[in-house]
2 protein chains.
Amino acid sequence: MTKENDENFDVVSAAMVVIGDEILSGRTRDTNAGHLASIMTAIGIDLKEVRFVSDNQDAIIEAVNQLRERNTYVFTSGGIGPTHDDITADAIAAAFGLPCDYDDQALKILAEHYKNRGIEFTESRKRMARMPEGAHHIDNPISKAPGFVVGNVHVMAGVPSIFQAMLDHVVHSLRTGRKLLSKSVLSDLGEGTIGAPLGEVQKNHPDTVIGSYPRYEDGNFSTELVVRSANEASLDSALEDIKIMLSKLQNA
Amino acid sequence: MTKENDENFDVVSAAMVVIGDEILSGRTRDTNAGHLASIMTAIGIDLKEVRFVSDNQDAIIEAVNQLRERNTYVFTSGGIGPTHDDITADAIAAAFGLPCDYDDQALKILAEHYKNRGIEFTESRKRMARMPEGAHHIDNPISKAPGFVVGNVHVMAGVPSIFQAMLDHVVHSLRTGRKLLSKSVLSDLGEGTIGAPLGEVQKNHPDTVIGSYPRYEDGNFSTELVVRSANEASLDSALEDIKIMLSKLQNA
């Protein structure tokens, strides 16, 4: 069914479905497609097509079914949150003809997460544990509600920092044209401070993809800077420049 | 054929095809889809779907033909420049089963433009005058090479400032749910100076869509700021704030 195990299939290809009325209305600007595009290029996967569709079950099913048939991998972003218009899990299940139900492991993760934070685990929050039968989790280190993989379709969050963190987990499991290396450095500076100079570092290292992920743990904010490249020398050179940049900012 | 003249068709809908390998490789981040989304929402047209496709004739034809059949309007961006990978005009002609040839009026506009600038009007620049037989021009006030309309498909440039300027010309010809009003103000400040404070003005006036278009004429740079809204009071209030902002920047 998926092209993952087909030995004769030379080009590893991918497609993306960006799900959400807020994108099509212009209220939110999508940044996940551009991020996925950079990562796919870095690891030698050919991103063939991206579609933005609305929070409409038929639209999601049409896009996912057209794209999963002709690509090695499909990635989706959006529509896996707790509100009524988060219908991605149901739509993906319907696209595969599978039942969609509460996943025990996901319920456990979320129950513990909300208990630790003293937040009520409401019915709407429980919605985030629903997924197609037999789906595998994609870890969510930021807000815990997992994404999932079913067949060759990877279902991930729309919030960019969570989408990126989920993609980090997924990327190592993909069959790729080239191996992607990554190294990271943690800073207690905020993204607002790091943003502009980091953009300069990225410009000077076109052979790498540099990501910035805000984290919040035990009451403290921090930013993780991840450099990815197929080339170790390029990777180390960019990482060195990031360290110099951070040290300048710390002493400023 | 198009749904423009169908009196019984209540919802005015649109779709977009973003064309270009540079978008799917992550080298360039698309901003045209977000801009189109905001404009469509402001004028009451329902943007149903956006697709990013590569510089591949079959991919462009498939997307355009699927989307033009089920939407009132289709907008494309990209692939109408002078290089070998600019194949949008040919692909759109093929999608409609029309011949694609040099347009006399477009050749004349471009010949004059390059003559005035003392630039040779090469064969590759002449490519920009090619369009499907019977297509109508969309004016390009920035670099002159016109976009075109064929059936319900509007073919526009990928460079954001040109895409936006072309959309400004097109938008008044569209059948819409609401009438879009627009007013503009010209400034000799650059976008780098205007950008951040203009973002603040946009945030304070969610009922409007504010665009910024760099211009270069007779050796002088300037920036045109365009405010659009369905509501005249909202429009005037945003325009007033822009004027205050510009005056503060001029005196800074």
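Below, chain A is the first sequence line, B the second, and so on; all start at residue 1. Remember, it's a predicted structure, so these values are computed and weren't measured experimentally.
Salt-bridge check for B:Glu62 with A:Arg70: passed, with a basic side-chain N closer than 4.0 Å to an acidic carboxylate O.
Put simply, the residue from B:Ile23, B:Leu24, B:Asp21 that forms a side chain to side chain contact (heavy atoms under 4.5 Å, CB included) with A:Leu47 is B:Leu24.
In this structure, no portion of B:Leu36 lies under 4.5 Å from any heavy atom of chain A. For B:Ala15, no part lies near chain A; criterion is any non-hydrogen pair under 4.5 Å. When heavy atoms are compared at a cutoff of 4.5 Å, A:Thr31 approaches chain B solely by way of its backbone atoms N, CA, C and O. For A:Ala63, no part lies near chain B; criterion is any non-hydrogen pair under 4.5 Å.
A 4.5 Å side-chain heavy-atom check between A:Arg29 and B:Arg29 finds every atom pair outside the cut-off.
Between atom CZ of residue A:Phe52 and atom CE of residue B:Met16 there is a gap of 9.0 Å, rounded to the nearest 0.5 Å.
Annotation: maximal heavy-atom pairing with chain B below 4.5 Å, among A:Pro206, A:Ala37, A:Ser54, A:Ala59, occurs at A:Ala37.
Across every non-hydrogen atom of A:Gly26 and B:Ser38, the tightest pair is O-OG, 3.7 Å.
Side-chain atoms of A:Thr41 come within 3.5 Å of backbone N or O of B:Ser25 as a donor-acceptor pair.
Applying the salt bridge (Lys or Arg N to Asp or Glu O under 4.0 Å) test to residues at least two apart or on different chains, none of the pairs has a partner in residues 151-167 of chain B.
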